[in-house]
Every structure is written in structure tokens, then in C-alpha cells.
Amino acid sequence: MMVKKDIAKLADIVVGQAAMFNCSFEEVWDKYTHPTLTEQVDFKEVLEYINDKIELGKGVNRQ
């Protein structure tokens with residue numbers, strides 16, 4: 001299982017790729033995220049982190 005810090009990094013990547021590819025977070029997860037990562041953490045955990053912690057339009061570090 002991934003630690004919270006790793007989920008934060010993965011969530012930031014998912015948000016960035018969704019913006020870059022102009023698609024949903026779920027589509028990024030299903031199509032563009034490496035299986036090694038998707039096997040370690042559930043999409044629901046990543047989505048919860050995105051909804052709770054990330055202010056869209058800014059990165060994990062609020063930059």
C-alpha cells in the first residue's frame with residue numbers, strides 16, 4: 001500500500017495529465033497510469049485525495 005505522500009504525488013500527476021489530455025481523472029487512471037501504480041492504490045483513494053486536498057488549478061504544494 002502507498003503512503004499518503006505517494007498518494008499526494010500520484011494525485012497531482014493525475015490532475016496534471018487530465019488537464020494536459022483534456023479528459024477526466026478516471027480516464028487518466030484507466031488509460032495513462034502505469035499498472036504498477038494502479039495495483040498499489042485504488043482510484044477511489046486518489047480521487048478522495050484530489051477532492052479533499054487539491055485546489056484545482058494549483059499543484060499539491062499550492063504552486
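All heavy atoms count here, side chains included; hydrogens, waters and symmetry mates do not. Position 1 is the first residue of the sequence, and the numbers go up from there.
The backbone N or O of L37 lies less than 3.5 Å from no partner atom in the side chain of Q40, so there is not a single donor-acceptor pair. Judged by distance alone, the side chain of T38 and the main-chain N or O of W29 form no donor-acceptor pair under 3.5 Å.
Checked against salt bridge (charged side-chain N to carboxylate O under 4.0 Å, His left out), E27 has the following partners two or more places apart in sequence or in another chain: K31. N51 is linked by a side chain to side chain contact (heavy atoms under 4.5 Å, CB included) to L47, counting only residues two or more places apart in sequence or in another chain. Considering only residues two or more places apart in sequence or on other chains, F21 meets the side chain to side chain contact (heavy atoms under 4.5 Å, CB included) condition with Q17, C23, Y32.
Distance check, rounded to the nearest 0.5 Å: CD1 of I50 to CG of L10 gives 8.0 Å.
Side-chain heavy atoms closer than 4.5 Å link hydrophobic residues (I, L, V, M, F, W, Y) into clusters, and following such links, possibly through other members, connects M20 to V15.
Between Y49 and I7, the shortest heavy-atom contact is CB-CG2, 4.0 Å.
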